[in-house]
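First up is the structure itself, then whatever we jot down about it.
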Amino acid sequence: MNPYQSLADPILSAFPELTSEDLAFSAPPNLEMGDVALRTFEAARKLSLAPPQFAARIAKEIAFGSDVKETFTAGPYVNFRLDREVYGRRIVERILREGPRYGSNETGAGKRALVEHTSINPNASPHVGRARNAMIGDSLVRLLRFEQYDVEVHYYVNDIGRQIALLVLSCEHPESLTFDDMLRVYAEANARAEEDPEFAAQGFELLARIEQGDEETKKRFRAVTDLCLKGQLAVLARLGISYDRFDRESDFVQDPRLETILDALRSKNALFTDEEMRLSVDLSKIGHPYEEGRFVALLRSNGSSMYGYRDIAYTIEKMDKGADLNLIVLGEDHRLYMQQVALILSAAGKSAPEPIYYSYILLKEGKMSTRQGKVVLLSDFLDEATARAAEKVEEQCKDLTPDERKVIAGQVAVAAIRFAILRVGANKNVIFDWDSSLSFTGDTGPYVQYSCARISSILRRFGKPVPEPSGGPFPVETGAEWALLTKLASFREYVATAVQQRSVAPIGQFVLETARFFTTFYHECPVLDAPEAQRNTRIQICAATRQTLENALGLLGIHALERM
RNA sequence: GUACCCGUAGCUCAAUUGGAUAGAGUGCUUGGCUACGGACCAAGAGGUUGGGGGUUCAAGUCCCUCCGGGUACGCCA
């Protein structure tokens, strides 16, 4: 139930043409103007009234209950002054009652979602740029699960292809190698292929052999890619990221379902053999609007398949599972490619997943480049961040065991990187810089965790169960308390926005604002030393804030710590 | 060259998706620990929202154009 439903109801019954979607309640620019504001543009338009006129009628004509103290207009806005006791109690009651579910709009109840993310090439340890994909994908999974979707997380393992072939050629005995060796071997193999056409050709031969189903070759590829995947997953697990399914690209060569795609393309005259004997698609025949990316090659002249061809089979596989929502997280470099895939599928009457794109993380010196060694590896970053957090935890949590402190330091490090990445809109380039990413002060994940730790500290010292909101008086006398409460009440809207935008960035904004409001409250409103009625109220506000922050941070994959 | 993404305070990012006076952090200046945890807080300075035009009651947000950055157009994946 919307805490402002009792404001909406009298308006809705006076103007039956309106629905509650037309009434946008929000916080006024400052508390002097009122406790809550109603913006009337949308509703006025529907009623063909001038917004200020409509606002005036609401203020004059409508009788609100006794819990509305005052109603006045400011041009197109109606501002309300409320009985803060009634509304504050209502907000806290709801949060404490719904607990870990608080904020969910439950839009995914009874629905299934399939999300593919990360899917990085197996030849390198993930750097923070690649990790952006994983963090965005993982946070969307958390968001959808919070909305009660039944989510299955898929990781597409690119276990065949030129890069892997070169890697396989270069390691005769993969069992004697570690994941870290692999990076060096890959770089060397790549360099060699550029200078040595013979070597490069061997790679393509190996590819052709695996497509023909040669068991021995398959085993060699498998050994190498398994080793790589294991190494990558271990790093991603440090960020709290995991997957339900690993789909291997090698399972989608020469998939029979591709025949129906080829038939459809043929019938639209979009399939042709180009001058280099590749089987290709002319997308302009099926609605591609411009010249670049007009042609897509599916099969090489020797009959082996190109990446896109296998990916189409994989995409069909995923779509055929019939989930209500299919998402895929892709780097911005895949924009055109994904359009091409979607177009080819649509020619055969099939649909493609909804892409979520993200832009690259850049270094101050320019783009990250694995080959030039201009990368920040995720594992290196986490090591450094954990070490820095550990110093602080050392002095703050002397009573905890070294193991406990270590866990906390790791969770602070995760909060730092996840928050830094996720709070930025995905389609923006971000400049990575060690200093600001390792900073734990200001607008950071650790700052929000710190607010949680402070709340926990108060609740610990209180030493009793949190009182029931229904019993006793519920004084809300300060602006700081009210501002915090209305912020908590707005969480559900942030979640709805996040779902709609397919981005958890608004949640990042929400936790910061909430933490900031809490800190103001913390400084202005003594809890434990307050008179009983006030103390009970404030303890409940603390508990509700903690619950809300915990839920919101959970969507970001960040632990709401009790100590740090 | 063409297409797509982005451009907001010195720097890193917000702005309820077209709505009240464009907000935070960081950096800089000043102040606050006999503390419910200083990984904090208070105050100050900092803006022609890249430039120009247009659409309307209203534009950082939509349209056109120019400038700057990113990405893509492979027998790579």
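Source: prediction; values computed, not measured. Order of the sequence lines sets the chain letters (A, B, ...), proteins ahead of strands, with each chain counted from 1.
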Query - No-hydrogen, no-angle side-chain donor-acceptor test under 3.5 Å, A:Gln411 and A:Gln449 - result: no
Query raised in the report: Can you tell me how far C1' of B:rA15 sits from CD of A:Gln509, to the nearest Å?
Result: 8 Å
Measure all distances between protein nitrogen or oxygen atoms and nitrogen or oxygen atoms of nucleotides 40-44 of chain B, and list the pairs falling under 3.5 Å.
from   : atom 1 : to       : atom 2 : distance (Å)
B:rC40 : OP1    : A:Gly442 : N      : 3.2
B:rC40 : O2'    : A:Arg454 : NH1    : 3.3
B:rC40 : O2'    : A:Arg454 : NH2    : 3.4
B:rC40 : O2'    : A:His523 : NE2    : 3.0
B:rC41 : OP1    : A:Tyr447 : OH     : 2.9
B:rC41 : O4'    : A:His523 : NE2    : 3.4

Query raised in the report: Do A:Tyr309 and A:Gln254 meet the criterion of a side-chain donor-acceptor pair at a distance under 3.5 Å?
Result: no
Requested in this report: State whether A:Arg461 places a side-chain N or O below 4.0 Å from either non-bridging phosphate oxygen (OP1 or OP2) of B:rG37.
Outcome: yes
Query raised in the report: Do the numbers put A:Arg310 on top of the ring of A:Phe252, so that NZ or CZ is under 6.0 Å from the six-membered ring centre and no more than 45° off the axis?
Result: no
Query raised in the report: Closer than 4.0 Å, any side-chain N/O of A:Asn427 to the OP1 or OP2 of B:rC6?
Result: yes
Report task. Scan A:Glu395 against the nucleic acid and name what it touches under 4.0 Å (heavy atoms): base, sugar-phosphate only, or nothing. Result -> nothing
Requested in this report: Name the nucleic acid region contacted by A:Ala74, choosing base, sugar-phosphate or nothing; use a 4.0 angstrom heavy-atom cut-off, strictly under.
Outcome: base
**Report entry** Spacing of A:Arg335 atom CZ relative to B:rA72 atom C1', expressed in whole Å
**Finding:** 10 Å
Query raised in the report: Heavy atoms under 4.0 Å, any strand shown: does A:Leu299 hit a base, just sugar-phosphate, or nothing?
Result: nothing
Report task. Send over the distance from A:Arg45 CZ to B:rG18 P, rounded to a whole Å. Result -> 11 Å
Query raised in the report: With respect to the side chain of A:Glu276, which nucleotide from B:rG70, B:rA77, B:rC75 is positioned closest?
Result: B:rC75
Report task. Would you mind reporting whether A:His154 and A:Phe246 have side-chain heavy atoms less than 4.5 Å apart? Result -> no
**Report entry** Nucleotide of B:rG25, B:rA77, B:rA72 approaching A:Asp443 most closely (side-chain heavy atoms)
**Finding:** B:rG25
Query raised in the report: B:rC5, B:rC75, B:rG37: which one has an atom nearest the side-chain heavy atoms of A:Ile458?
Result: B:rG37
Report summary line: To the nearest angstrom, the CG-C1' distance between A:Leu512 and B:rC13 comes to 10 Å
Query raised in the report: Counting any heavy atom closer than 4.0 Å, what does A:Cys525 reach on the DNA or RNA strands: base, sugar-phosphate only, or nothing?
Result: base
Report task. Say whether A:Tyr337 and A:Asp311, considering side chains only, have a donor N or O and an acceptor N or O under 3.5 Å apart. Result -> yes
Query raised in the report: Are OP1 or OP2 of B:rG70 and a side-chain N or O of A:Lys428 less than 4.0 angstrom apart?
Result: no
Query - Side-chain donor/acceptor contact of A:Asn79 with base of B:rA20 under 3.5 Å - result: yes
Query raised in the report: Which nucleotide, B:rG37, B:rA3, B:rC75, lies nearest any side-chain atom of A:Tyr290?
Result: B:rA3
Requested in this report: Answer with base, sugar-phosphate or nothing: what part of the nucleic acid does A:Gly331 contact at a heavy-atom distance below 4.0 Å?
Outcome: nothing
Query raised in the report: Hey, does A:Ala37 reach any base, or is it just sugar-phosphate, or nothing, if we go heavy atoms under 4.0 Å?
Result: base
Report summary line: note: A:Arg546, atom CZ; B:rG37, atom P; distance rounded to Å ~ 14 Å
Query raised in the report: Any side-chain N or O of A:Arg300 less than 4.0 Å from the OP1 or OP2 oxygen of B:rA77?
Result: yes
Query - Nearest-angstrom distance from the residue atom NE2 of A:His288 to C1' of B:rA72 - result: 11 Å
Query raised in the report: Between A:Ser456 and A:Arg546, is any pair of side-chain heavy atoms under 4.5 Å apart?
Result: yes
**Report entry** A:Ile160 vs A:Arg248 side-chain heavy atoms within contact, under 4.5 Å
**Finding:** no
Report summary line: To the nearest angstrom, the CZ-P distance between A:Phe517 and B:rA14 comes to 19 Å
Report task. Remember a base hit wins even if backbone is also touched, and classify A:Val527 as base, sugar-phosphate or nothing at under 4.0 Å, heavy atoms. Result -> base
Query raised in the report: Side chain of A:Gln509, backbone of A:Ala505: donor and acceptor closer than 3.5 Å?
Result: no
Query raised in the report: With a non-hydrogen cut-off below 4.0 angstrom, is A:Gln339 in contact with a base, only sugar-phosphate, or nothing?
Result: nothing
Query raised in the report: What does A:Glu291 touch in the nucleic acid at a heavy-atom separation under 4.0 angstrom: a base, only the sugar-phosphate, or nothing?
Result: nothing
Requested in this report: Give one of base, sugar-phosphate or nothing for A:Val393, where a contact means two heavy atoms less than 4.0 Å apart.
Outcome: base
Requested in this report: Please check if the side chain of A:Thr225 supplies one atom and the backbone of A:Asp159 the other of a donor-acceptor pair under 3.5 Å.
Outcome: no
Requested in this report: Indicate, with a heavy-atom threshold strictly under 4.0 Å, whether A:Leu279 touches base, sugar-phosphate, or nothing.
Outcome: nothing
Query raised in the report: Taking CD from A:Glu275 and P from B:rC75, how many angstroms apart are they, rounded to a whole number?
Result: 10 Å
Requested in this report: Considering just the side-chain nitrogens and oxygens of A:Gln449, establish if one lies under 4.0 Å of OP1 or OP2 belonging to B:rA39.
Outcome: no
Report task. Have a look at A:Met277 and say if it touches a base, only the backbone sugar-phosphate, or nothing, with a 4.0 Å heavy-atom cut-off. Result -> nothing
